[in-house]
Amino acid sequence: MSKQFLVAICCAALSMGTIFAGNVVITGSTTVLPIAQAAAEEFMKSNPDVNISVSGGGSGNGIKAIIDGSCDIATSSRFVKDKEVTMANEKQVIMVPHRIALDCVVPVTHKDNPVSNLTLAQLKDIYTGTVTNWKDVGGMDRKIVVVSRDTSSGTYEVWSEKVLKADRVFPNALLQASNGAVAQLVAGNQYAIGYVGIGYLNDDLKGLTVEGIIATADTALDGSFPVSRELFMFTNGWPTGDAMRFLNYLVSPQGQTLVKKEGFVPIYKLD
Amino acid sequence: MTESFQKQSRFSRTTIEWFIRNTFLILSLMSITVVFFVFLFLFREGMPIFEKVSISDFIFGTLWYPTDANPVFGIWPMIVGSMIVTFLSSIIAVPIGLMSAVYVSEIAAHRVKEFIKPTIELLASIPSVVMGFFGMVIVAPFLQDVFDLPLGLNVFNASLMLAFMAVPTISSISEDALNAVPRSLREASFALGANRWETITRVVIPAGLSGISTAVILGMSRAIGETMVVLMVAGGAAAIPRSIFDPCRPLPASIAAEMAEAPFRSDHYHALFATGIVLLIITFAFNLLADYLSMKYRMESK
């Protein structure tokens with residue numbers, strides 16, 4: 001009886017051990033969420049003893065969580081702000097950034113639209129409603145149908161940060177809830193302009209050059225394409241154990257293939 | 001007899017009846033409980049936003065920038081969008097629904113009726129996402145070509161799609177109302193020398209008015225709460241539309257488009273729930289109105 005009881009306890013302890021052995025908590029940016037999720041799934045397939053939980057909530061919340069110690073890896077679509085560094089210093093946390101992908105957003109029009117290049121200033125004028133006719137930017141004499149994204153999306157964030165700067169999208173801009181919906185609307189409307197993540201470019205859309213620079217993985221990588229940003233994961237100090245193994249996996253060719261598959265730009269050229 | 005019954009069963013008849021009655025009571029209370037919890041939840045998640053903005057700024061504010069560095073939460077353009085789309089769709093749907101109800105109930109031959117009635121009801125079974133897709137892929141390019149518009153996703157397209165969805169509701173409830181008008185009224189009307197047109201417009205429709213107005217209000221409340229169609233075909237611009245060919249963003253579309261990525265319990269999240277409260281109050285008002293109208297006319301006809 002007592003022997004059986006002991007065995008049962010040992011079994012329970014062992015199984016608990018495997019559950020808690022590798023527990024990596026990842027939280028933060030909703031933009032990085034699909035990458036983190038895809039990578040976590042693949043990683044757990046080959047490492048069944050590790051349990052990775054991934055959640056969103058915004059870059060700011062992720063960084064706050066790494067400072068509080070309530071997560072192991074914080075994902076962020078921006079670098080840390082000075083205020084956050086000060087906060088981390090007070091709690092004696094040294095945040096280590098890991099660049100894991102690039103996010104590149106491309107302005108798109110219908111494939112029959114004669115306009116093929118816009119400057120950042122022109123894009124800003126179109127999205128703030130200062131310019132409302134295609135002829136003012138070298139196109140036909142038609143009203144511009146401006147398509148934007150829901151303001152909580154990462155794609156909107158890049159657009160607002162790199163193109164709009166401090167200004168707001170004018171209220172008459174159409175709102176679509178996903179990259180796919182924007183692509184579909186713009187592909188079907190000669191007068192529309194929208195913006196999508198680079199992974200969503202297709203033959204029905206015309207990707208515009210910005211300031212004369214075409215959006216490709218290369219121009220995003222060398223920083224010459226203006227509407228792109230780096231995506232990060234932060235750890236408290238240099239990562240160890242499972243967190244390190246996960247980050248290593250993410251920057252490996254397999255991990256970066258997943259990055260590409262999710263519509264982002266890998267941090268180096270994949271063969 | 002009673003003794004033998006009590007021997008066969010451990011429970012008396014009254015106990016069993018009591019048991020059955022209360023089972024049914026509990027089941028009917030369950031749906032009330034669900035409604036209660038939905039209200040409770042909606043208010044708990046939505047009210048915190050009013051610590052940041054006043055109720056009047058929230059409802060009558062014309063700017064919606066929920067994720068800005070200085071966020072602004074004003075849902076007036078969405079309320080106007082919902083109202084305009086609902087109003088326009090009922091202008092389209094009420095005549096069609098009512099006239100088809102009159103035709104089916106009063107005029108059509110039996111065999112025609114057997115074909116038309118289920119076909120109209122079939123319209124109700126088309127999923128809203130399919131309706132939205134139809135509006136997006138077929139109607140939008142059509143409107144764009146015919147009216148030479150910059151954009152086919154607009155108030156008119158959304159109203160048209162919502163009208164199609166409201167027609168079956170309006171038509172089948174109105175038809176029930178017309179069927180319920182006693183035969184003796186029609187016969188009396190004919191006996192007084194009225195022709196068919198006069199009988200329908202002066203006797204049958206006024207007599208069925210309570211049911212017809214309920215049908216109209218229910219049709220409208222279906223249109224105002226409909227989400228998928230307006231999300232797909234209204235265009236989604238958070239500005240007050242100046243013409244029926246301008247895009248707009250009705251309340252449900254606003255919630256559906258932004259909820260997925262709003263951080264949990266952020267101001268944006270609370271503001272979307274508060275938008276839900278406004279929507280619920282509007283549909284609730286519509287349903288109360290429907291009840292009131294059906295009561296009122298029923299009283300008067302008696």
Side-chain angles (χ1 to χ4, degrees), chain A residues 27-31 33-34 55-62 64 110 129 132-134 140-157 159-161 164-178 181-182 184-194, chain B residues 61-72 74 76-78 81 132-133 136-138 140-141 144-145 148-154 228 231-242 245-249 253-269 271-272:
Chain A
T27 187
S29 164
T30 46
T31 313
L33 189 64
S55 61
S59 304
N61 288 337
K64 214 177 282 164
H110 190 267
T132 56
N133 196 308
W134 278 110
M140 55 214 155
D141 184 11
R142 296 296 304 223
K143 203 180 152 204
I144 305 177
V145 175
V146 181
V147 186
S148 189
R149 282 289 308 280
D150 49 301
T151 51
S152 34
S153 67
T155 316
Y156 171 84
E157 242 174 63
W159 194 253
S160 122
E161 189 183 314
L164 294 163
K165 313 268 163 39
D167 274 326
R168 294 161 164 174
V169 171
F170 75 130
N172 291 70
L174 306 192
L175 171 133
Q176 295 293 310
S178 67
V182 172
Q184 196 183 9
L185 203 165
V186 174
N189 189 314
Q190 298 98 294
Y191 319 118
I193 184 169
Chain B
T62 52
L63 291 177
W64 174 255
Y65 290 105
T67 57
D68 214 66
N70 301 304
V72 188
W76 186 241
M78 281 74 125
F133 204 65
M136 214 165 142
V137 178
I138 311 286
Q144 207 178 330
D145 288 347
D148 194 30
L149 301 170
L151 180 76
L153 303 174
N154 51 35
M228 208 58 213
L231 181 63
M232 291 170 86
V233 302
I240 296 171
R242 295 209 192 96
F245 294 122
D246 271 356
C248 73
R249 189 195 306 180
S254 184
I255 300 173
E258 296 183 1
M259 191 45 106
E261 291 191 89
F264 185 62
R265 301 242 161 113
S266 60
D267 290 345
H268 187 192
Y269 171 93
L272 290 175

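Every value quoted in this text rests on a predicted model; they were computed, and no experiment measured them. Protein chains get the first letters and strands the later ones, always in sequence-line order, with residue 1 at the start of each.
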Item to check | Best-contacting candidate, A:Ser148, A:Ala173, A:Ala177, against chain B by heavy atom pairs under 4.5 angstrom | outcome: A:Ala173
Item to check | Pairwise distance CG(B:Leu149) to OH(A:Tyr191) - rounded to 0.5 angstrom | outcome: 9.5 Å
Checklist entry - Can you find a heavy atom in the side chain of B:Trp64 that is under 4.5 Å from one in the side chain of B:Met78? => result yes
Next on the checklist: Quick check: do A:Lys64 and A:Thr27 have side-chain heavy atoms less than 4.5 Å from each other?
Outcome noted: no
Next on the checklist: What's the separation between atom CG in B:Leu153 and atom CD in B:Gln144, rounded to the nearest 0.5 Å?
Outcome noted: 8.0 Å
Item to check | Proximal component of B:Ile240, with respect to chain A [non-hydrogen, under 4.5 Å] | outcome: neither
Checklist entry - Checking B:Pro141 against chain A: side chain, backbone, both or neither under 4.5 Å from a heavy atom? => result neither
Checklist entry - Ignoring hydrogens and geometry, is there a side-chain-to-backbone donor-acceptor pair from A:Asn61 to A:Gly28 under 3.5 Å? => result no
Next on the checklist: Within the structure provided, determine whether A:Lys143 and A:Trp134 are in side-chain contact (heavy-atom separation under 4.5 Å).
Outcome noted: no
Checklist outcome for this item: Of B:Ala256, B:Ser266, B:Ala238, the largest count of non-hydrogen pairs under 4.5 angstrom with chain A goes to B:Ala238
Next on the checklist: Taking atom CZ as the centre, does B:Phe245 end up with more than 12 heavy-atom neighbours from other residues, nucleotides or ligands that are less than 6.0 angstrom away?
Outcome noted: yes
Next on the checklist: If I measure from the heavy atoms of chain B, does A:Leu33 come under 4.5 Å with its side chain, its backbone, both, or neither?
Outcome noted: neither
Next on the checklist: For the interface with chain B, which of A:Ile144, A:Val169, A:Val146 has the highest count of heavy-atom pairs at distances below 4.5 Å?
Outcome noted: A:Val169
Item to check | Sub-4.5 Å side-chain heavy-atom contact between A:Ile193 and A:Val186 | outcome: no
Checklist entry - So do the side chains of A:Pro171 and B:Leu63 get within less than 4.5 Å of each other, counting heavy atoms only? => result yes
Checklist outcome for this item: Okay, A:Gln176 and chain B: the region with an atom under 4.5 Å from a heavy atom over there is side chain
Next on the checklist: Please identify, among B:Pro77, B:Pro247, B:Pro150, the residue contributing the most non-hydrogen atom pairs under 4.5 Å to chain A.
Outcome noted: B:Pro150
Checklist entry - So which part of B:Met136 gets closer than 4.5 Å to some heavy atom of chain A, the side chain, the backbone, both or neither? => result side chain
Item to check | Options B:Met232, B:His268, B:Arg249, ranked by heavy-atom pairs under 4.5 Å with chain A, top entry | outcome: B:Arg249
Item to check | Residue B:Asn154 versus chain A: region with a heavy atom under 4.5 Å | outcome: neither
Next on the checklist: Looking at chain A, which one of B:Gly235, B:Ala253, B:Ser254 has the largest number of heavy-atom pairs inside 4.5 Å, strictly under?
Outcome noted: B:Gly235
Item to check | Side chain / backbone / both / neither for B:Glu258 at chain A, heavy atoms under 4.5 Å | outcome: both
Next on the checklist: Please rank A:Asn172, A:Asp150, A:Thr151 by heavy-atom pairs under 4.5 Å with chain B and give me the top one.
Outcome noted: A:Thr151
